[in-house]
Protein chains: 2
Amino acid sequence: MGIFNPLASVYAAFMTTNDSSKRNGPGRPRDAEAADALKAAAIRLVRDRGYSRVTIGALTDAAGVSRQTLYNRWPSKAELVMDAFYDAASVNVPNPGPDVPGETALTQFLSEIFEHLKRDGDCLRSLVAAAQDDTDFRDVFWQRFVAPRSTIVKDLLRRSQTRGELAPDRDIDILSNMIHGAFWYRSLNGQPLGVREAQLIARDVFRQ
Amino acid sequence: MGIFNPLASVYAAFMTTNDSSKRNGPGRPRDAEAADALKAAAIRLVRDRGYSRVTIGALTDAAGVSRQTLYNRWPSKAELVMDAFYDAASVNVPNPGPDVPGETALTQFLSEIFEHLKRDGDCLRSLVAAAQDDTDFRDVFWQRFVAPRSTIVKDLLRRSQTRGELAPDRDIDILSNMIHGAFWYRSLNGQPLGVREAQLIARDVFRQ
DNA sequence: TGCATTTATGGACTACGGTCAATAAATGGA
DNA sequence: TCCATTTATTGACCGTAGTCCATAAATGCA
């Protein structure tokens with residue numbers, strides 16, 4: 001398993017908004033601990049109570065900062081929570097090596113995502129919900145969480161096509177939609193996701 | 001094209017909450033026009049402004065009723081809007097006849113859904129979002145909107161299996177997840193859906 | 001030391017979804 | 001006619017997300 005981060009530039013662009021360490025001009029510097037305290041509070045409280053039951057006041061109280069300090073760093077609760085949960089997760093998107101057979105690689109990739117969803121699936125669903133009525137957040141969420149996984153699967157499928165594991169006329173975009181859609185659909189509708197589902201999806205995609 | 005309504009009993013159970021015409025006991029009867037006025041206002045305002053920009057006050061003002069009258073009939077804005085948009089749509093789920101070849105039938109079915117989404121896809125996405133933080137509404141939305149379409153596709157796939165258009169070892173549940181998931185995924189991520197996507201999905205499902 | 005600039009804090013403020021209670025109005029039945 | 005019952009209206013109320021503002025504190029620079 002290697003590590004793949006197709007969005008380093010996006011992070012960099014985003015982080016400039018939110019990074020205190022590299023500002024030269026005058027003015028009081030940002031409290032270096034505030035952002036970390038808020039992200040830690042977000043993870044703890046959201047895992048504990050669920051996204052919709054975590055209020056801004058609870059987050060700032062737990063982090064020991066004022067309301068405005070939060071809004072100086074993130075434009076909304078959704079952006080803070082995504083930042084807290086999916087910074088590490090998005091950087092460390094698992095990417096199977098090119099030598100693994102396609103069906104095995106896809107099964108493994110999906111199994112790891114599903115394992116992650118067992119812990120934070122509820123939070124993820126709430127973020128998808130928040131993205132539907134906030135186009136700015138929708139774009140950021142798509143770039144940081146959805147697109148990297150889509151890219152990995154499409155690369156995997158293209159490699160499989162060159163190796164003859166997948167017929168050359170299969171439409172990669174639609175296949176990727178169907179693969180990711182299956183797990184979003186099950187997740188949004190509260191259906192279970194596990195290794196079995198990962199195997200069934202991969203088997204159907206790669207059936208001859 | 002026939003008409004299929006697998007959830008008449010669910011409607012009936014729901015409607016008793018919300019139907020004034022058949023109550024025998026004493027007491028002031030419900031205003032027969034209020035519900036229709038609210039549903040009409042919901043459709044007009046949501047199509048006009050988008051779900052999240054329609055306030056309860058705007059709905060009751062447009063319908064000429066009080067706030068409490070709305071909440072006597074629906075437990076939330078989401079339930080009213082779903083009722084307004086998807087009553088007729090859910091009753092008239094298109095269901096291709098059993099003689100049509102599977103790939104054709106699936107293409108046709110998906111094309112009609114996608115056509116519907118062109119007009120009300122934004123509203124549908126907002127309802128999916130509302131369902132993520134409201135388990136009661138999530139259940140109702142699932143029963144009234146998601147499950148009927150899932151049932152139709154699974155029946156279609158099973159018929160295709162008995163006719164030999166689909167290998168007998170294909171997993172119908174996972175296939176249904178992948179089919180519906182593809183369009184949810186594209187819809188939630190703001191990607192276009194049209195006849196072309198319907199054809200590509202059906203072709204990949206039925207590819208030999 | 002002083003000035004410009006930026007951030008932190010606390011509290012007031014708006015808009016919203018949803019609840020609640022008081023009062024009036026409309027019905028069936030005694 | 002009176003009563004029990006149900007609904008409609010009105011307006012108060014609560015908790016929340018997000019904004020705004022005054023004031024204090026921390027920095028670079030002159």
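In this text, all values refer to a predicted model and were calculated from it rather than measured experimentally. Below, read A as the first sequence line, B as the second, and so on, with proteins coming before strands; counting in each chain starts at 1.
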Per B:Pro26 side chain, nearest of listed nucleotides C:dG10, C:dT27, D:dA17 = C:dT27
Ionic contact status for B:Arg73 with B:Asp83, cut-off 4.0 Å = no
d(CZ, B:Phe137; P, C:dG17) in whole Å | 15 Å
Given atom CG of B:Asp31 and atom P of D:dT6, what is their separation to the nearest angstrom?
-> 18 Å
Select one nucleotide: of D:dA8, D:dA17, C:dT27, the one nearest the side-chain heavy atoms of B:Arg30.
-> D:dA8
Among A:Leu157, A:Thr151, A:Asp155, find the one that has a side chain to side chain contact (heavy atoms under 4.5 Å, CB included) with A:Val153.
-> A:Leu157
When A:Val54 and A:Gln68 are each assigned the nearest nucleotide of DNA chain D, the 5'-most assignment goes to A:Val54
What is the distance from CG of A:Leu38 to C1' of C:dA8, rounded to the nearest Å?
-> 12 Å
OP1 or OP2 of C:dT9 under 4.0 Å from side-chain N/O of A:Thr69 = yes
Less than 4.0 Å between a side-chain N and a carboxylate O, is that true for B:Arg53 and A:Asp133?
-> no
Using the six-membered ring of B:Phe145, assess whether NZ or CZ of B:Arg149 lies under 6.0 Å from its centre and within 45 degrees of the ring axis.
-> yes
Name the closest nucleotide to the A:Ile56 side chain, picking from D:dG18, C:dT7, D:dA8.
-> D:dG18
Interatomic distance where CG belongs to B:Asn72 and P belongs to C:dG18 [whole Å] | 14 Å
Is any side-chain N or O of A:Arg67 under 3.5 Å from a base N or O of C:dG11, one able to act as donor and the other as acceptor?
-> no
C:dA8 OP1/OP2 closer than 4.0 Å to side-chain N/O of A:Arg73 = yes
With the side chain defined as heavy atoms from C-beta on, A:Thr55 is closest, among D:dA17, C:dA8, C:dT27, to D:dA17
Measure from CD on A:Glu33 to C1' on C:dA8 and round the result to the nearest Å.
-> 14 Å
Would one find a side-chain N or O of B:Arg28 under 4.0 angstrom from OP1 or OP2 of C:dA25?
-> no
Neighbour count >12 (heavy atoms, 6.0 Å) for atom CZ, A:Arg119 = no
In whole Å, what is the span from the OH atom of A:Tyr71 to the P atom of C:dT7?
-> 18 Å
Nearest of D:dA26, D:dC20, C:dT27 to any side-chain atom of A:Pro29?
-> D:dA26
Separation of atom CG in A:Asp61 from atom C1' in C:dT9, rounded to whole Å | 13 Å
Take atom CG of B:Leu80 and atom C1' of C:dG17, then tell me their distance rounded to the nearest Å.
-> 13 Å
